[in-house]
Amino acid sequence: MPRLPLLLLTAALIAILTAAPSPAQIRWTHLSSSAGQLPTPAGSNQQTGSLIADLDRDGTNDIILSFRVHAPALTWFRRTGSTWTQTIIDPAFLPLEAGGAAHDIDRDGDLDIVFGADASAHQLWWWENPAPRFDPAIPWTRRLIKDAPPNQHHDQLFADLLRTGRPQLVYWNQRARALLLAPIPADPKATSPWPATVIFSGHTGEGTQRAAAYAEGLDAADVDGDGRLDLLAGNYWLRHTTGMQFEATRIAPTGGRIRAARFRPRSRNAQIVIAPGDGSGPLMFYECNGNPREEACWQGRNLLGHDVIHGHTLEIGDVNNDGHLDIFTAEMAKWTRNPTPADHPEAKSWILFNDGKANFRPEVITTGQGWHEGRLADLDNDGDLDLLNKPYTWQAPRLDIHLNNGTQPPRPPASRTRKP
């Protein structure tokens, strides 16, 4: 045999044997109300907010959806065995906005919930969990947190930012262009409205060509490694200083959905991910190797290399159980209110798998499904993270779940033997 072909064959065999193995693939089981596998949401064709919380304290996460246009305002989906049932929390009509938060507001051992009104109204409410007596015929008691203009409350969060030992409620008031903090009253059932303080106001990267028309996005994390929870909102990091005062550091030119975590576990400073919300733009990853309180320290990189079209989904979690935090983001297929056609029929969702060093491998999970306020959560109580998809107007009312059935090893390479 000529020497050159033999050398080439040897090199090819070495390359095959020493190549890094292909990553294992997650097996997903898709359940949808459109196929009768889940109850069809009882609300309108504008599904605004989604929330994950164990409302009945059975150890399994539940799903809460909010609506506007017509009643009911809130519905609750819970899983028993492999069966999902739907219960109406509030049968009234309320113009509820995206967002929502859960916390034991009245300190009775169960989770209560908070949602706010959209741009047509000025209220912010909380609903008292009636556990353990759940009667589908009796609505949950609704109480007011805020009952005065300005309008619109997109996103809420509970976190102990003041280090008092009890979380405070943080919420956006978009028409006020303000972020407010409200300690939970000593007697929340008898206190209305809750006293609140503006902790930030001004521009958060919204209103530009590549951003939404209003501020949104909230998260809480220890950004600078000092052991204290910080607040992330829009395109800012807010560090509590004293009293009700916060020091704001701009992280990025535009804001949106925002999350912070340590994608490199030994990092002193957290890394921050920003995705577009009600707008389009890149999925950006920001990190700081110097003083995080200096804006110039934060440097970003585009994780996908192209825009995310009307994202409004950004979650962080270890999806493949390899000990490293991953990123989940997705696009809306429809953001206008007319029933048809889809605004973005090729809408995609991605998981960006982290190698533990903040190097990400994007994987397309779905194409052609419209996502809005998608969530990462263990929905079948098997210890791994599943995907919740609650579209806004795309084929709504509709609910989809992608159950994570773990990873399977990659297929071995095809045999490469010489023919005689």
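Treat the numbers as computed from the prediction; the structure is a model and nothing was measured. Residues: numbered from 1 along the sequence shown.
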Where the side chain of [X] meets the backbone of [Y], is there a donor-acceptor pair that is under 3.5 Å apart?
X	Y	result
Q168	L161	yes
E287	G300	no
E315	L376	yes
Q152	Q174	no
Q156	H153	yes
N405	W28	no
D90	A73	no
D386	L379	yes
W172	G217	yes
T367	E346	no

W371 and ring pair (Phe, Tyr, Trp, His ring centres under 6.0 Å): which partner among H344, H310, H312, H402?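 Only one option passes, and that is H402.
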
Only one of W127, F134, W84 clears ring pair (Phe, Tyr, Trp, His ring centres under 6.0 Å) with W76; which?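 Exactly one pass, corresponding to F134.
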
Below 4.5 Å, heavy atoms only, C-beta onward: do [X] and [Y] meet side chain to side chain?
X	Y	result
I113	L55	yes
T85	R78	yes
L231	I199	yes

Answer yes if the side chains of N269 and S267 hold a donor-acceptor pair under 3.5 Å, and no otherwise.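 S267 and N269 do not have a side-chain donor-acceptor pair below 3.5 Å.
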
Is it the case that the ring center of [Y] lies less than 6.0 angstrom away from the ring center of [X]?
X	Y	result
Y214	H154	yes
F67	F93	no
W350	H306	yes
Y236	F200	yes

To the nearest 0.5 Å, how far apart are [atom1] in [X] and [atom2] in [Y]?
X	Y	atom1	atom2	result
D322	D355	CG	CG	9.0 Å
D400	Q37	CG	CD	9.0 Å
I351	I365	CD1	CD1	4.0 Å
K348	E331	NZ	CD	7.0 Å
D155	I258	CG	CD1	11.5 Å
L74	I89	CG	CD1	5.5 Å

Inspect the contact between R239 and D224 and indicate whether a charged nitrogen and a carboxylate oxygen are less than 4.0 angstrom apart.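 Answer for the salt bridge query: yes.
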
If you apply the rule ring-ring contact (aromatic ring centres under 6.0 Å, His included), what do you find for F246 with H240, and how did you get there? CA-CA 4 Å; F246 285 78; H240 179 243; 5.1 Å; yes

